[in-house]
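Here the structure is a predicted model, which is why all the values come from computation and not from measurement. In what follows, chains carry the letters A, B, and so on, assigned in the order in which the sequence lines appear, proteins first and then strands, with residues in each chain numbered from 1.
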There are 2 protein chains.
Amino acid sequence: MTASRSTTRKSFRREGEDKRREDLIAATLECVAERGLAGATVREIALRADVTAGLIRYYFPAKDDLIGAAYRAVMNRMTVQASDALKSAADDPRDRLNAFVKANLGQPIMDPNNLSLWAGFIGMVHADPAMALAHRDGYLGFRDELEALIREALLAAGKPADPIHTRRHAIAVNAIIDGLWLEGCLAGDIFAEGELAETGIAAIEAVLAISLNPEKGGAI
Amino acid sequence: MTASRSTTRKSFRREGEDKRREDLIAATLECVAERGLAGATVREIALRADVTAGLIRYYFPAKDDLIGAAYRAVMNRMTVQASDALKSAADDPRDRLNAFVKANLGQPIMDPNNLSLWAGFIGMVHADPAMALAHRDGYLGFRDELEALIREALLAAGKPADPIHTRRHAIAVNAIIDGLWLEGCLAGDIFAEGELAETGIAAIEAVLAISLNPEKGGAI
DNA sequence: GCTCTAATTATGCAAGCGTATAAATACACG
DNA sequence: CGTGTATTTATACGCTTGCATAATTAGAGC
């Protein structure tokens, strides 16, 4: 046994399955944030997670599964962040809707990194049915939550809230939020702090014909 | 000269530079439409254009240049289609804005293929400054055109149209159009024919507090 | 009809990709 | 303190990719 090892093998720690999955997903998001979906290669992700590439396949059958998990994680994180804003700030439904919109149109949801992953995914939706399903679930879930908020806000303002109109309102308000979120993520630097959130609130107030600031301003 | 050629060389025709570029861009769009940006490889594009891969580099220094040209072509095409709708249908500014919105929220602009290319691009914007520039130009151009339409529509309805409010209105209306376009491209099948366009018109009327159907309905 | 050149094909290369698999090792358990 | 196993590393394979370059040829101009 006189031979000396020319290279030392990487030392490592065993981690819990959940921890590793989370780390790998976090590393994936870092890659996407910095170089887009194309930059999220198996090797680069492993490097970020301080792990060797083979381990990824131990936790995810294929790379697409990791990417899909990362997408779901981001969407879920955004959903949770928006819901948190609801919990912490409201009893009047109009305040709740107001807080929901402001949360979606401010940090940390309105962030270029989120957009990069979202866009990369959307680009695959058309070609990959599995991802299309993942997307539609997230979209409808978001819109349903929004529709419930709108219904309550309308009722609190003494307005009718029949399903047909409420649905249409939800579609329009969803578009306003999505569109402004997009603008902010893509070119946040050309807008003043809070400008997009204010614009969104004002537009939604106009569409629903109610005030979302019931304490300060009266109902329209 | 008894030797026979084992394989015959591909016959070809020389084409004008413009024609070839257009063909290559069209082939690129086909690839993106079918399999997403990732499916738009140099070899696949060449196959579609009935050309060998090397020729692409003769017209485009690098693949990214072709992709960028394809992006610009699509955005330009959509812009032209929307502008055509303006020319063919209007003298009252409110009708013009109405037509503009309807055009952007209907065929052929609201199309999954357009979205695929757009999304793939947006995903790269964050990482590639050149593409970021290409995008911002297109975005600001679109918004400027929209802002002009809005200003005229407001004035025609006897409403004030000072720059500050007009800008904010343009941001909001742009968000509505973008958001609904997105929804329609992603899940057009869950909406009735023309539903998104109607929803968009109604939302924009509410935001601007004017009617966009001056012949039938009066101003609000 | 010849010639010259620009357009096109054909071939190959080096790099990077995702994936497979065997060897090594940390660590829980007795 | 061993021992077994789940976790992790290491290595390599086959494929695809974008790009370079040499050979060919279509077609314009004289």
Side-chain angles (χ1 to χ4, degrees), chain A residues 1 3-24 27-28 31-32 34-70 120 124 127-128 130-131, chain B residues 1 3-24 27-28 31-32 34-70 120 124 127-128 130-131:
Chain A
M1 305 292 265
S4 66
R5 280 230 206 76
S6 59
T7 60
T8 57
R9 201 179 172 91
K10 180 181 191 295
S11 71
F12 63 91
R13 284 186 53 217
R14 295 187 168 197
E15 296 283 1
E17 173 168 342
D18 290 350
K19 173 79 162 56
R20 273 281 189 253
R21 290 185 112 90
E22 283 168 23
D23 285 352
L24 289 173
T28 303
C31 291
V32 173
E34 283 194 20
R35 306 204 287 115
L37 244 196
T41 69
V42 169
R43 284 167 175 83
E44 182 67 25
I45 293 167
L47 199 65
R48 302 272 181 150
D50 193 29
V51 142
T52 56
L55 191 63
I56 290 180
R57 246 180 60 82
Y58 185 79
Y59 287 102
F60 298 93
K63 184 200 169 185
D64 277 356
D65 296 300
L66 171 56
I67 301 289
M124 307 172 73
D128 185 332
M131 306 219 169
Chain B
M1 300 297 269
S4 66
R5 280 233 205 73
S6 58
T7 59
T8 57
R9 200 179 171 93
K10 181 182 190 295
S11 71
F12 63 92
R13 284 187 53 218
R14 294 187 168 196
E15 296 283 1
E17 173 168 342
D18 291 349
K19 173 77 162 55
R20 272 281 189 255
R21 291 184 110 90
E22 283 168 23
D23 285 352
L24 289 172
T28 304
C31 291
V32 173
E34 283 193 21
R35 306 205 287 117
L37 243 196
T41 69
V42 170
R43 283 167 175 82
E44 182 68 24
I45 293 167
L47 200 64
R48 303 270 180 151
D50 193 30
V51 142
T52 56
L55 191 62
I56 289 180
R57 246 180 59 81
Y58 185 78
Y59 287 102
F60 298 93
K63 185 198 170 186
D64 277 357
D65 296 300
L66 171 55
I67 302 288
M124 308 171 72
D128 186 332
M131 307 220 169

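Atom-to-atom distance recorded for B:Ile45:CD1 and B:Leu55:CG is 12.5 Å, nearest 0.5 angstrom. The NZ atom of B:Lys19 lies 16.0 Å from the CZ atom of B:Arg14; values are rounded to the nearest 0.5 Å.
For DNA chain D, the residues of residues 40-48 of chain B within the heavy-atom distance limit of 4.0 Å (strictly under) are B:Thr41, B:Val42, B:Arg43, sorted by number.
Atoms CG (A:Leu37) and C1' (C:dC17) sit 15 Å apart, rounded to a whole Å. Atom NZ of A:Lys63 and atom P of C:dT19 are 8 Å apart (whole Å). For the pair A:Phe60 CZ and C:dT19 P, the computed distance is 13 Å after rounding to whole Å. B:Lys19 has its NZ atom 18 Å from the C1' atom of C:dA6, to the nearest Å. In this structure, B:Leu24 atom CG and C:dT9 atom P are separated by 10 Å, rounded to whole Å. Rounded to whole angstrom, the span from the CG atom of A:Asp64 across to the P atom of C:dG18 amounts to 9 Å.
Nearest approach of A:Arg13 to A:Arg20, heavy atoms of both residues: O-NH2, 3.0 Å. Closest approach of B:Ile67 and B:Thr28 over heavy atoms only: CD1-CG2, 4.1 Å. Listed here is the closest heavy atom pair of A:Met131 and A:Asp64: CE-O, 4.1 Å.
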Using atom names, set out every protein N or O paired with an N or O of nucleotides 20-22 of chain D below 3.5 Å, distance rounded to 0.1 Å.
| residue | atom | partner | partner atom | Å |
| --- | --- | --- | --- | --- |
| D:dA20 | OP2 | B:Arg57 | NE | 3.3 |
| D:dA20 | OP2 | B:Arg57 | NH1 | 2.2 |
| D:dA20 | OP2 | B:Arg57 | NH2 | 2.8 |

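Taking the side-chain contact (heavy atoms from CB on, under 4.5 Å) definition, one finds that B:Ala53 meets it with B:Val42, B:Arg43, B:Ala46, sequence neighbours left out. Scored by the side-chain contact (heavy atoms from CB on, under 4.5 Å) test, A:Asp65 finds A:Phe60, A:Pro61, A:Ala62 as partners (sequence neighbours excluded). Applying the salt bridge (charged side-chain N to carboxylate O under 4.0 Å, His left out) rule to B:Glu22 yields no partners; only residues at least two apart in sequence or on another chain are considered. Among residues two or more places apart in sequence or in another chain, the salt bridge (charged side-chain N to carboxylate O under 4.0 Å, His left out) test is passed with B:Asp128 by none. Residues passing the salt bridge (charged side-chain N to carboxylate O under 4.0 Å, His left out) test with A:Arg21 are A:Glu17, sequence neighbours excluded.
Residues in residues 48-62 of chain A take part in these salt bridge (charged side-chain N to carboxylate O under 4.0 Å, His left out) pairs, two or more places apart or across chains: A:Lys10-A:Asp50, A:Glu30-A:Arg48, A:Glu34-A:Arg48, A:Glu44-A:Arg48.
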Readout for nucleotides 2-7 of chain D: B = base within 4.0 Å of protein heavy atom, S = sugar-phosphate only, - = neither; 5' to 3' it is ----BB

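Mapped onto DNA chain D by nearest heavy atom, A:Lys10 and B:Lys10 fall at different nucleotides, with A:Lys10 at the one closer to the 5' end.
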